[in-house]
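The next block holds one structure in the form of structure tokens; read it before the comments.
In what follows, chains carry the letters A, B, and so on, assigned in the order in which the sequence lines appear, proteins first and then strands, with residues in each chain numbered from 1.
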Amino acid sequence: MKKEISRRAFIVSTCKILAAGVLMPAGGLAVLEKASFAENGSEVTDWRKVWEGKEWGFVVDTHKCIGCARCVKACKQENHVPLDKEVYRTWVERYRETALGVEIDSPNGGLDFPPLEETTGKQFFVPKLCNQCKNAPCVQVCPVGATYRTGDGVILVDDKRCVGCRYCIQACPYGARFLHPETHVADKCTWCYHRVMKGMEPACVTVCPVGARKFGNLNEHSEVREIIETERVRGLKPEKGTKPMVFYIGLDEVVM
Amino acid sequence: MTGFIYPNEVEINWGLFIVLYPYLTGLVAGAFIVSSLYHVFGVTKLKPVSRLALISALAVLLVAPMALTSHLGKPLRAFNLMWTPNPMSAMAGFGYIYSFYLIIVLLEIWFMYRKDLVEWAATKEGWLGKVYNILTLGAKDISEKALHTDHKIVTFLAILGIPSAAFLHGYVGFIFGAIKANPWWSTPLMPVIFLLSAIVSGVALLIVIYAVTCKIRGKKIDFDCLMTMNKYLWVFLIFAFVLEVLEVIHMAYEAEEEWPAVKGLITSVIPFSYFVVQLGEMVLAFFLLLVARFRSIPKATAQFLTILSGVMILISVLAMRFNVVVGGQLVSKSLSGYSKFNWPIWHEGIIPTAGFMVLPFVLLTVLVLLLPPWVGEEEPALKPARRGAFEPEEEESDKPLLQQVWERLAHGLSWSGVRRGD
């Protein structure tokens, strides 16, 4: 005997199955989401209040940098970046003008610089870090919105959301991003946002023995703001239109 | 590593899997367009490969995202691209565009085979008949009117499929072309270059698949069909070559700050795979395809030259994908040096990549056995009405071994058996 199913019954049961298929995982997700909120402490921060009146800025004085790379080491330790892997949230480049042209190097991000030699040519160091661009290509290209710019001007990566496609690494003109060898998600300098939130300065700024790195709020009367307003500063690769927020004093033309 | 690279550029972030992805989608787009040449543009000479093209497209299409997902740092989050897409990202559309295209290909194949599926479901014994029965999805009306509707739907899907295929692959080109940080990628020509090389590689793939399947099945290659593919391959090859060269000439002539770095890349970092494999093979294939169409050339030679060109183009386009994807990352963004690509063996290395290149052919074999695509041959086989019954068994022993194996395999799925019923 053939069992007839009416069209109506068929549609109804199909809808039921579909609804169950959607609701069950959704419900599961909601429970998980709640659990993860509970883990992180139940307080919900009102970020708009935190960000109000703040816009962070960074100044690098290339005249002052001596290439000691304490910043590189401090950064790796502070931010859990493996010391033995060739990935860096910040690094120091050395430029030496010779008869053959400009020689650039940054052995192990600057940690392995050999002692300086006497030369007649110009030589100098340039510390590099994430520029927290106002018009950031990494934020633009992230397919899942895992990387974003906070209201006070720092670009962060949500390591719970990042899929590790590395499009942002390709898109950054400054080579500031890398895939974290342990977490397998994109990583980069955050200007030590976790420290800044507690009223501290980024680790690299704190350890710099010569004050070549300066950090502060551009919306208040700060040293950083004063330097930008009174000295001749420029960002890296302005032609890329990224509007970098790290301002360099004494940046030579050869620096890329 | 030569010169200066940024310290974070030691690792090449997009490796062989990402070389493979545009290669595979390119093959898909190209193969689909061949099938559409028949279904939409009425290039009837392509009939023998019209179904094969679509089945091949599906086989490759199914493997393409595997390479991509395996490359992710967090493969289990792959669907985040569809759940929480960032509309500003050039990559976020991937999941939707891919799914849309997959649906079109599946639908087109289903409507194209619907009549056969119904017949197979009715005539095949055992589990195979059940499989076909499921594949019919219960739509068993094969009246003249229903088949006419099917045909109209296939044509519509083929039309819709052309821009979709072009979009799927042009879009991959855009993902690279829109990266201003990379001087070797950043050009508005990139989507067009990708699309044309895709079509070229897809036609080449079909030439090779068609030739190989004919050989295995012991059938004669349809000369007109092969030469029609020769013609299309040749025409698209010209466009692809011109655009690829134009891009570099333009960059060289403008000679902006990134040119010395790009020049160094093609002349001293990847000169062999760029000038010899990518461009050289295109030029050689151009001449071979042309010579193959000369009247004075014997048919066998013409076939050989066409198939040889097909193989060369497949290698050339693979080299092109490598030169773009990996080559672009070898140029340091400091424009002062070059990274080094250390061919990995296991992790995103040569062996799994080779696996992803073989997998489409495994799938293709399964699909071809399940859904035999040899349309052009059905009519003549039909003429001597119940001929199947008279087929002498001992004939098989004269056939080459591969063909025997093939026929043994295909026996259970033989489509000619269907005709006995009507």
Side-chain angles (χ1 to χ4, degrees), chain A residues 72 85-89 91-95 102-111 128 137-148 159-181 183-186 188 237 239-242 254-256, chain B residues 1 3-15 17-18 68-96 138 175-176 178-183 185-186 256-258 261 325 328-329 332-337 339:
Chain A
V72 182
K85 296 272 164 56
E86 289 182 283
V87 288
Y88 310 87
R89 285 186 172 206
W91 67 96
V92 181
E93 296 167 3
R94 177 171 65 164
Y95 291 74
V102 185
E103 270 182 32
I104 317 167
D105 63 350
S106 180
N108 194 13
L111 287 169
K128 295 261 182 98
C138 55
V139 174
Q140 181 190 27
V141 302
C142 178
V144 296
T147 195
Y148 57 97
D159 60 3
K160 292 191 178 60
R161 200 166 274 257
C162 171
V163 295
C165 72
R166 289 165 254 187
Y167 200 20
C168 55
I169 303 175
Q170 306 291 359
C172 175
Y174 306 102
R177 284 177 167 255
F178 56 90
L179 192 83
H180 197 288
T183 59
H184 305 292
V185 295
K188 69 171 206 49
K237 300 190 185 186
E239 74 280 4
K240 296 290 177 196
T242 52
V254 299
V255 177
M256 286 295 288
Chain B
M1 183 196 126
F4 170 71
I5 61 169
Y6 289 135
N8 284 328
E9 288 178 326
V10 173
E11 195 194 329
I12 301 296
N13 275 287
W14 283 357
F17 288 175
I18 305 295
L68 211 51
T69 318
S70 320
H71 167 265
L72 292 179
K74 294 279 177 189
L76 295 177
R77 298 183 188 168
F79 280 100
N80 280 10
L81 259 79
M82 293 181 84
W83 309 151
T84 59
N86 165 19
M88 293 308 294
S89 168
M91 198 186 268
F94 165 76
Y96 297 105
I175 286 181
F176 291 95
I179 292 299
K180 62 185 168 194
N182 190 315
W185 290 351
S186 176
E256 289 195 79
E257 63 170 353
E258 73 275 6
V325 176
Q329 295 172 82
S332 169
K333 288 166 183 168
S334 68
L335 302 180
S336 310
S339 303

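Neither the backbone nor the side chain of Lys85(A) comes within less than 4.5 Å of any heavy atom in chain B. Residue contact with chain A, scored on non-hydrogen atoms closer than 4.5 Å, is absent for Leu68(B). The contact between Thr84(B) and chain A is made by backbone and side chain atoms together, counting heavy-atom distances below 4.5 Å. Contacts between Ala146(A) and chain B at a heavy-atom distance below 4.5 Å are absent for every atom of the residue. Residue Trp83(B): no heavy atom, backbone or side chain, is found under 4.5 Å from chain A. Only the backbone of Val139(A) comes within less than 4.5 Å of a heavy atom in chain B; its side chain stays farther off. Contacts of Glu103(A) with chain B are absent, with no heavy-atom separation under 4.5 Å from either backbone or side chain. Contact annotation for Leu81(B): both backbone and side-chain heavy atoms come within less than 4.5 Å of a heavy atom of chain A.
Listed here is the closest heavy atom pair of Pro173(A) and Ala181(B): CA-CB, 3.5 Å. When all heavy atoms of Ser336(B) and Ile104(A) are compared, the pair lying nearest together is OG-CD1, 3.6 Å. Contact between Cys165(A) and His71(B) at its shortest, heavy atoms only, is O-CE1, 3.6 Å. Residues Arg161(A) and Arg77(B) come closest through the heavy atom pair N-NH1, 3.6 Å.
In this structure, Phe79(B) places its CZ atom where only 12 or fewer heavy-atom neighbours from other residues, nucleotides or ligands lie under 6.0 Å away.
If you take CD on Glu11(B) and CD1 on Ile169(A), they are separated by 7.5 Å, rounding to the nearest 0.5 Å. Expressed to the nearest 0.5 Å, how far SG of Cys172(A) lies from OH of Tyr6(B) amounts to 8.5 Å. We find the OG-CD distance between Ser334(B) and Glu93(A) to be 7.5 Å, quoted to the nearest 0.5 Å. Taking CG of Asn8(B) as the start and NZ of Lys128(A) as the end, the distance is 11.0 Å to the nearest 0.5 Å. Once rounded to the nearest 0.5 Å, the distance linking CD of Glu86(A) with CD of Glu9(B) reads 12.0 Å.
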Applying side-chain contact (heavy atoms from CB on, under 4.5 Å), run through Asn86(B) and Val144(A) and close with a yes or a no. CA-CA 5 Å; Asn86(B) 165 19; Val144(A) 296; over 6 Å; no
Any chance you could lay out the side-chain contact (heavy atoms from CB on, under 4.5 Å) test for Ile175(B) and Val141(A), step after step, and finish with the verdict? CA-CA 9 Å; Ile175(B) 286 181; Val141(A) 302; over 6 Å; no
side-chain contact (heavy atoms from CB on, under 4.5 Å) assessment of Gln140(A) paired with Ser89(B): CA-CA 6 Å; Gln140(A) 181 190 27; Ser89(B) 168; over 6 Å; no
Lys74(B) and Val185(A): side-chain contact (heavy atoms from CB on, under 4.5 Å), yes or no, with the steps? CA-CA 7 Å; Lys74(B) 294 279 177 189; Val185(A) 295; 3.8 Å; yes
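Counting heavy-atom pairs closer than 4.5 Å to chain A, the top residue among Lys333(B), Glu257(B), Met88(B) is Lys333(B). In terms of heavy-atom pairs under 4.5 Å with chain B, the best-connected choice from Pro143(A), Gly175(A), Gly109(A), Ser106(A) is Pro143(A). Annotation: maximal heavy-atom pairing with chain A below 4.5 Å, among Asn182(B), Val10(B), Ile5(B), occurs at Val10(B). Among Ala90(B), Ala92(B), Ala78(B), the residue making the largest number of heavy-atom pairs under 4.5 Å with chain A is Ala92(B).
Within the structure, the side chain to side chain donor-acceptor pair (under 3.5 Å) test picks out the following pairs touching residues 163-179 of chain A (sequence neighbours left out): Thr147(A)-Arg177(A), Gln170(A)-Gln329(B), Tyr174(A)-Thr242(A).
When the side-chain contact (heavy atoms from CB on, under 4.5 Å) test is applied to Asp105(A), the partners found at least two apart in sequence or on another chain are Arg94(A), Arg96(A), Pro107(A), Phe113(A).
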